[in-house]
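The structure appears right after this line, and notes come after that.
All values reported here derive from a predicted model rather than from experimental measurement.
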Amino acid sequence: MEQSMGIEGKFRRIESAQNERFKAVIRLLGSNSAMRATGLAAAEGLHLAEYLLNGKDQEIESIWAPDSLLDNPEWLALLHSSGLLLQCDFPLLVLPDNLY
């Protein structure tokens, strides 16, 4: 189940490990060959997120974040300074910390 939530209504919450989008991402992230085949990359950590959010050559398909990150001032400042929340046309998904 997905629900709208805070931060300017841009994030969607995934509540269940049975969510089809969540299961598809887990399968993709679990396979290096699948990642290469799709041309996608995953970045984990604020320094990698900052690089991707400020980069001009990267196309971001989605952002997945744990609940606890939404209370992190550094992460929120990064999202706001990148302008991402104003112009994103891709999903911003939040997971309970136990699923992340």
Side-chain angles (χ1 to χ4, degrees):
M1 175 167 121
E2 295 180 29
Q3 319 172 346
S4 291
M5 66 168 293
I7 308 183
E8 302 176 33
K10 297 287 185 175
F11 282 91
R12 311 255 329 141
R13 178 178 295 281
I14 293 183
E15 296 287 348
S16 169
Q18 300 309 309
N19 179 282
E20 291 302 319
R21 186 184 311 206
F22 177 74
K23 290 193 295 188
V25 166
I26 293 300
R27 282 191 300 273
L28 183 64
L29 292 175
S31 168
N32 288 335
S33 61
M35 292 288 286
R36 280 192 299 277
T38 62
L40 296 174
E44 186 172 352
L46 286 176
H47 64 286
L48 292 174
E50 181 176 17
Y51 174 78
L52 289 175
L53 292 174
N54 292 321
K56 305 298 181 225
D57 298 333
Q58 296 86 333
E59 181 178 331
I60 297 174
E61 289 200 9
S62 63
I63 292 178
W64 295 70
D67 274 330
S68 58
L69 196 58
L70 297 183
D71 293 328
N72 181 312
E74 187 177 1
W75 170 246
L76 296 175
L78 177 60
L79 285 178
H80 286 288
S81 69
S82 71
L84 180 73
L85 293 176
L86 298 175
Q87 59 195 6
C88 73
D89 57 353
F90 52 83
L92 300 161
L93 303 157
V94 177
L95 302 167
D97 288 337
N98 65 329
L99 291 180
Y100 190 78

From L99 atom CG to F22 atom CZ, the distance as rounded to the nearest 0.5 Å: 4.5 Å
Spacing of CG belonging to L46 relative to CG belonging to L78, to within rounding of 0.5 Å: 7.0 Å
Nearest atoms (heavy-atom pairs only) where V94 meets L70: CG2-CD1, 3.7 Å
Spatial distance of atom CG (N19) from atom CD1 (I26) [nearest 0.5 Å]: 10.5 Å
Hydrophobic cluster membership, L40 vs L29, 4.5 Å side-chain cutoff: yes
Closest heavy-atom pair and its distance - K23, Q18: CE-O, 3.5 Å
Nearest-0.5 Å distance, CD1 of residue I14 to CZ of residue R21: 6.0 Å
Shared hydrophobic cluster, L92 / L76 (ILVMFWY, side-chain heavy atoms < 4.5 Å): yes
Contact summary for A42 and M35, nearest pair of heavy atoms: N-CE, 3.6 Å
Distance in Å, R12 CZ paired with L93 CG, rounded so as to fall on 0.5 Å steps: 8.5 Å
Distance-minimising heavy-atom pair for A49 and W75: CB-CZ3, 3.7 Å
Shortest non-hydrogen contact from D97 toward D67: OD1-N, 3.2 Å
Minimum heavy-atom distance between W64 and V25, given as atom pair plus value: CZ2-CG2, 3.2 Å
